[in-house]
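Atom set for the values below is all heavy atoms of this structure, side chains included, hydrogens, waters and symmetry mates excluded. Indexing begins at 1, ligand by ligand and atom by atom, following the structure's order. The first residue in the sequence is number 1, and the count goes up from there.
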Amino acid sequence: MSNDCLFCKIIAGEIPSNKVYSDDDLYAFHDINPAAPTHILIIPKKHLTYVNSADEGDEALMGKLLLKANQIAADQGLSEDGFRYVINTGRNGGQTVFHLHLHILGGRALGWPPG
Ligand code: 5GP
Ligand code: ZN
């Protein structure tokens, strides 16, 4: 838990969120400002600032994050038409909340390349 981290506060229940999934390691919730009809964020409960803050000790956690995202995408009905995962990282990556989060975006055709 990082005291001044928005997503740590969401995990702790200090800031409300629209929960999709929770277990000992992961928390998933709807993005407050959705960029697509389905826009879910999945985060580790352990505070990792960036995706590249993870080290070898986080190998199982990172694998679980991706596999759980796959399950959530399927549960949301995104498997057939497709979807996108995004992990914005650092300033040039457009990261605005500095607690690792995987965006799950779906429900419409998404443009490429990103701006
Ligand atoms: P980033 O730009 O860091 O990859 O994405 C941060 C995401 O967090 C944005 O899509 C933004 O809408 C979302 N977000 C920011 N504050 C909150 C909040 O208080 N609650 C929820 N549910 N999402 C948030
Ligand atoms: Zn945090």
Side-chain angles (χ1 to χ4, degrees):
M1 168 98 186
S2 170
N3 283 336
D4 53 2
C5 171
L6 175 66
F7 286 175
C8 282
K9 288 179 180 163
I10 284 179
I11 291 163
E14 293 169 15
I15 292 174
S17 64
N18 190 351
K19 181 175 85 172
V20 173
Y21 177 81
S22 181
D23 66 22
D24 286 348
D25 301 312
L26 302 172
Y27 189 75
F29 56 107
H30 289 278
D31 196 291
I32 202 168
N33 185 22
T38 300
H39 188 174
I40 291 166
L41 304 174
I42 180 166
I43 64 179
K45 288 191 170 176
K46 171 184 176 179
H47 180 89
L48 291 169
T49 304
Y50 306 105
V51 67
N52 51 358
S53 303
D55 62 23
E56 285 173 12
D58 300 309
E59 188 172 332
L61 178 63
M62 299 301 283
K64 186 173 175 180
L65 180 83
L66 195 54
L67 292 178
K68 188 55 66 177
N70 285 347
Q71 187 187 318
I72 291 169
D75 291 348
Q76 296 286 323
L78 302 178
S79 298
E80 188 175 341
D81 288 341
F83 54 89
R84 184 172 296 165
Y85 294 151
V86 173
I87 302 177
N88 295 323
T89 303
R91 188 177 60 244
N92 277 1
Q95 186 173 4
T96 60
V97 177
F98 292 91
H99 179 131
L100 165 60
H101 49 283
L102 174 72
H103 296 256
I104 304 170
L105 294 153
R108 66 172 173 84
L110 299 163
W112 190 265

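Only one option out of Lys45, His47, Lys46 pairs with His99 in a side-chain contact (heavy atoms from CB on, under 4.5 Å); it is His47.
Taking both residues in full, the closest heavy atoms of Pro44 and Leu48 are given as CG-CD1, 4.4 Å, listed atom of the first, atom of the second, then distance. Contact between Ile42 and Leu26 at its shortest, heavy atoms only, is CD1-CD1, 4.2 Å.
Within a 6.0 Å sphere centred on CD of Glu14, other residues, nucleotides and ligands contribute more than 12 heavy atoms.
Relative orientation of the Tyr50 and Phe98 rings is perpendicular, given thresholds of 30° and 60° on the angle between their planes.
Pocket lining of ligand 1, defined as residues with a non-hydrogen atom under 4.0 Å away: Leu6, Phe7, Ile10, Phe29, His30, Asp31, Ile32, Asn33, His39, Leu41, Asn88, Gly94, Gln95, Thr96, Val97, His101, His103.
Within the protein, the number of N/O/S atoms found under 2.8 Å from the Zn ion (ligand 2) is 4.
With hydrogens and angles disregarded, no donor-acceptor distance shorter than 3.5 Å links the side chain of Arg84 to the backbone of His103. With hydrogens and angles ignored, the 3.5 Å screen pairs no side-chain donor or acceptor of Tyr21 with any backbone N or O of Ala69. Using a distance-only test at 3.5 Å, with no hydrogens or angles considered, a donor-acceptor pair links the side chain of Gln95 to the main chain of Thr49.
No salt bridge links Lys68 with Asp23; every basic N to acidic carboxylate O contact stays at or beyond 4.0 Å.
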